[in-house]
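Quick notes on the structure that follows.
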Amino acid sequence: MTTNHPVLFIGLDGAEPMLLAKWMAEGKLPALTKLVSEGCEGPVRTLPGMGDGANWPSLVTSCSPARHGRYFRSQQRAG
């Protein structure tokens, strides 16, 4: 059985997870705390053999690095 549910992806690029957890526990980030408690959360990991420059293009385009061609933050030129 498949159902259609809206999805909201919030990427906190460069955020320190331990600080976010600490501030949420201290009540300093109530909106983020509510989003996490009512949804799901987790880290975005870089695929093996890929650089961190492959993640965002993949999330935005819904394509794999093999299709969009971004593997690393700095792309190497042939030769």
Side-chain angles (χ1 to χ4, degrees):
M1 178 173 140
T2 60
T3 59
N4 293 323
H5 296 284
V7 174
L8 172 65
F9 177 88
I10 299 174
L12 301 175
D13 191 20
E16 176 55 51
M18 292 178 71
L19 287 176
L20 291 177
K22 177 181 183 262
W23 294 333
M24 288 191 311
E26 292 172 352
K28 294 179 179 176
L29 299 172
L32 186 58
T33 302
K34 185 172 180 173
L35 284 170
V36 168
S37 70
E38 293 180 6
C40 61
E41 56 89 22
V44 175
R45 294 186 179 94
T46 303
L47 296 169
M50 299 289 150
D52 60 353
N55 287 344
W56 290 112
S58 296
L59 288 167
V60 171
T61 64
S62 299
C63 296
S64 75
R67 185 157 182 207
H68 62 63
R70 296 289 301 184
Y71 305 102
F72 296 93
R73 185 177 309 231
S74 298
Q75 296 296 101
Q76 300 295 318
R77 290 189 178 146

In short, P30 meets G27 closest at the heavy-atom pair CD-O, 3.8 Å

For A54 and H68, the nearest pair of non-hydrogen atoms, with its separation, is O-NE2, 3.8 Å

> Which residues satisfy the salt bridge (Lys or Arg N to Asp or Glu O under 4.0 Å) test with E26, sequence neighbours excluded?
Replying inline: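 Here the qualifying residues are K22, K28.
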
* Side-chain heavy-atom pair S64, S58 within 4.5 angstrom cut-off ->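 Not touching, per the 4.5 Å side-chain cut-off.
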
Notebook entry, point to check: Taking ILVMFWY side chains as joined if any heavy atoms are under 4.5 angstrom apart, and letting links pass through other members, which residues group with L19?
Noted result: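 Other cluster members: L8, I10, L12, L20, W23, M24, L29, L32, L35, V36.
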
